[in-house]
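When a ligand or atom number is given, it counts from 1 through the structure's own listing order.
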Amino acid sequence: MSSPLPIEQPSTHPFTRVTVVLPWDLDPTLGAFPRTPAEGELLVLETRAKVHALPWHRQKLTLLVSALRHFVEERRAAGFHVEHRVADDYAQGITTFATWARPRSLHVMAPREYAIDARVRALTQALPLTVHDDGGDGGHFLLTRAAFETWAATQKGPLRMDRFYPELRKRLGLLVDAQGKPEGGQWSFDAENREHARGVAVPPIAWFEPDALTKKVMAWVRKVGAWGTLDDDFGWPVTRAQALSWLEHFMRVRLVDFGPYEDAIRSDERFLFHSLLSVPLNLGLLRPEEVARAAAEKYRQGVVSLASAEGFIRQVIGWREFIRGVYWRLMPGLRTANQLEATRPLPDFFWEPERTDLQCLREALSAVRDTGYTHHISRLMVLSNYATLAGLEPRGVSHWFWAAFVDAYEWVELPNVVGMGLFGTAAFTTKPYVASAAYLKRQSGLSAKGRGPKVAKHEAPCARCRYDPDQRVGPEACPFNALYWDFLARHRERLSKNLRMRQMMGTLDRFGPEQVEAIHQTAEAHRATLRPLAPPWTFDEDAG
Ligand SMILES: Cc1cc2nc3c(=O)[nH]c(=O)nc-3n(C[C@H](O)[C@H](O)[C@H](O)COP(=O)(O)OP(=O)(O)OC[C@H]3O[C@@H](n4cnc5c(N)ncnc54)[C@H](O)[C@@H]3O)c2cc1C
């Protein structure tokens, strides 16, 4: 069998300035990329370690490999010399290549994962390698890592996104007047964006047809992939042209309703008015600034409301940048953060959704298994709300999110899951995002009392669930209710000190001891049904 790496003979190509391309750096107009073939060459790396590190969703594996190979094809067609190699890991791939090619210099955007970043930076001792910041001018993020640190150092107490985000708006001049004041007189219109989407018509997603290259990758993934549905109609964008066309479609068709229905849940509409742009953004196929400016432009043209434009822009330049800054600030401790000391292993139904009879959970988990995606409110208020209430260990939940979502990379899933989702740390979250069935009912359009109007039956998970969202205890009661009150009781000491939890803790205090005991028994009965699935996979967080 021949070696995949031609390392025996030095290269005959006169390599000059080589840019190393990692799988999430796919915008050739950014950073260290040569602008013309005469300015340098490209080294594109795939790694075996990464492919087998986690049981990646088959669509995610297809997406990453196909996007990288499309990049290679496109750059070659544009006249660039591209070395496309498979290595054990990125650092080894760079070293082997540099020994063979002996370029004058090598350049790489700072890798987005903690362990890979450390290994690649260590190479600068021995190789003529420059690591460029992945943020700031020419980067994939708006701020350099140092700029976020500078901001964070000025903050007292937990870092707060709502204090960070106005700085970014002012810096970019987005929806601000000449004095730096926010359009509409306030920075956030979040309070206006809480509608349920009962009966609302939702435009379809403009999925793409897989081309011959993607089909080839799909055939390979079917052999090596571990988990997740991969039908013939894989439709995620794999090129910058497709990403731009998705951006245009979202701005034209869906942004108008993004704001009002941002927090809605619908059984029959998995995507609602969400953009799905995290996929191309995180691959480097789109830049956050161009995405945010496109939304501001729609508002300027009078096509969308301020609440929709601002709501969307806040996600892209606020939450996304904030989460990435927090990741670098809190690593490596974030991986093991677990202030609530939750220890329960991940139940089997996260991998096999049919094994739970909670309708909302089954729907969210099925969406992930079928598409590698579910929207924010489903990630936060269904999946991680349940994980927090049931006392699942954050690291195990984080591994599942990382493997299962098409847009998941450690820099973004870990802070979201461990920090925002499971309250494993208080470093940047002021209270746990937990709720009982009443919230889930409301967001799926059911009225507060009873199971609500018939019209919502096919739209609202609670309307078809075998459990009753209005009961708190007993075998018919929705487990979210008992788990919720039992969670507050179990963490009474910590949560009573939290001003933002005061109202709910006051309600708990009004329950008599018998009621609290009945809640505990119902929660215990539910927890006793949970079965962990020992997957035949090892989870290697540092691989790649
Ligand atoms: C438990 C949990 C896990 C998550 N895991 C991921 C993940 O692995 N990858 C990921 O990109 N996002 C993650 N998020 C954030 C958010 O849910 C997704 O970015 C969003 O659902 C992606 O879908 P969309 O593009 O349709 O988003 P939209 O609702 O259309 O939002 C627009 C964009 O805003 C950005 N954004 C919004 N919220 C966040 C956030 N909290 N963190 C980072 N970016 C944000 C994304 O780039 C997104 O594309 C997670 C959130 C939670 C609560």
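- Neither the backbone nor the side chain of L383 has a heavy atom within less than 4.0 Å of ligand 1.
- We find that R324 and D134 are joined by a salt bridge, their nearest charged nitrogen and carboxylate oxygen being less than 4.0 Å apart.
- Heavy atoms from other residues, nucleotides or ligands lying under 6.0 Å from CZ of R171 number 12 at most.
- For L276, a nitrogen or oxygen atom sits less than 3.5 Å from a nitrogen or oxygen atom of ligand 1, counting backbone and side chain alike.
- Using a non-hydrogen distance threshold of 4.0 Å, F273 does not register as a contact of ligand 1.
- Regarding atom 49 (O) of ligand 1, its nearest protein heavy-atom neighbour is S278 N, 2.9 Å.
- Counting the atoms of ligand 1 from 1 in the order shown, those under 4.0 Å from a heavy atom of F401 are 1 (C), 3 (C).
- A donor and an acceptor atom, one from each side chain of Y327 and E410, are located under 3.5 Å apart.
- At under 3.5 Å, not a single nitrogen or oxygen of Y409, backbone or side chain, sits near a nitrogen or oxygen of ligand 1.
- Ring orientation note: the planes of F350 and Y386 are tilted relative to one another, at an angle of 30° to 60°.
- The nearest heavy-atom contact from the protein to atom 11 (O) of ligand 1 is N282 ND2, 2.9 Å.
- Within the 4.0 Å heavy-atom shell around ligand 1 one finds S275.
- A salt bridge links E46 with R69: the distance from a Lys NZ or Arg NE/NH1/NH2 to an Asp or Glu carboxylate oxygen falls below 4.0 Å.
- With W227 contributing its side chain and W351 its backbone, the two residues share a donor-acceptor pair below 3.5 Å.
- Defined by atom type and a distance below 3.5 Å, a donor-acceptor pair is missing between the side-chain atoms of Q186 and E310.
- In terms of polar-atom proximity, defined here as any N/O pair under 3.5 Å, S384 makes no such contact with ligand 1.
- For atom 32 (C) of ligand 1, the closest non-hydrogen atom of the protein is F312 CE1, 3.5 Å.
- Atoms of ligand 1 found under 4.0 Å from any heavy atom of R320, numbered from 1 in the order shown, are 43 (C), 44 (N), 47 (O).
- Aromatic rings of H274 and F258 (six-membered ring for Trp) have centroids within the 6.0 Å cut-off, being under it.
- The shortest contact between atom 5 (N) of ligand 1 and any protein heavy atom is with R379 NH1, 3.5 Å.
- Of the residues listed (Y373, F271, F234), the one engaging W207 in a ring pair (Phe, Tyr, Trp, His ring centres under 6.0 Å) is F271, and it is the only one.
- Ring pair Y484/F480: centre-to-centre distance not below 6.0 Å.
- Residue-ligand proximity: F405 is placed with every non-hydrogen atom at 4.0 Å or more from ligand 1.
- Heavy-atom contacts of L277 reach the following atoms of ligand 1: 25 (O), 49 (O) (cutoff under 4.0 Å).
- At least one N or O atom of N416 sits closer than 3.5 Å to an N or O atom of ligand 1.
- V412 CG2, 3.5 Å is the protein heavy atom nearest to atom 12 (N) of ligand 1.
- When heavy-atom distances to ligand 1 are checked against a 4.0 Å cut-off, I323 comes that close only through its side chain, counted from C-beta outward.
- From the protein, the heavy atom lying nearest to atom 34 (O) of ligand 1 is Q315 CB, 3.0 Å.
- Stacking of K60 on the aromatic ring of F401 is not recorded, the 6.0 Å distance cut-off and the 45° axial limit not both being met.
- F164 has its ring centre less than 6.0 Å from the ring centre of W151.
- Looking only at atom types and distance, the side chain of T29 has a donor-acceptor partner in the side chain of R287 under 3.5 Å away.
- Protein heavy atom in closest approach to atom 39 (C) of ligand 1: W319 CB, 3.7 Å.
- Using a 4.0 Å heavy-atom cutoff, F271 is absent from the residues neighbouring ligand 1.
- For ligand 1, the polar-atom distance check against F258 finds no nitrogen or oxygen pair separated by under 3.5 Å.
- Taking a cut-off of under 4.0 Å to the non-hydrogen atoms of L281, the atoms of ligand 1 that pass are 47 (O).
- With a 4.0 Å cut-off on non-hydrogen atoms, W402 does not touch ligand 1 at all.
- Salt bridge absent: E352 and R369 never bring a charged side-chain N and a carboxylate O closer than 4.0 Å.
- Listed by number with element, the atoms of ligand 1 under 4.0 Å from a non-hydrogen atom of Y373 are 23 (O), 24 (P), 26 (O).
- Contacts between M420 and ligand 1, counted as non-hydrogen atom pairs separated by less than 4.0 Å, involve the side chain only.
- For atom 17 (O) of ligand 1, the closest non-hydrogen atom of the protein is H376 ND1, 2.7 Å.
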Can you list the steps and then say if F250 with F312 is a ring-ring contact (aromatic ring centres under 6.0 Å, His included)? CA-CA 11 Å; F250 170 73; F312 180 76; 4.9 Å; yes

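- Some N or O of D407 is nearer than 3.5 Å to an N or O of ligand 1, by distance alone.
- By the neighbour-count criterion of 12 heavy atoms within 6.0 Å, atom CG of D137 is sparsely surrounded, having that number or fewer from other residues, nucleotides or ligands.
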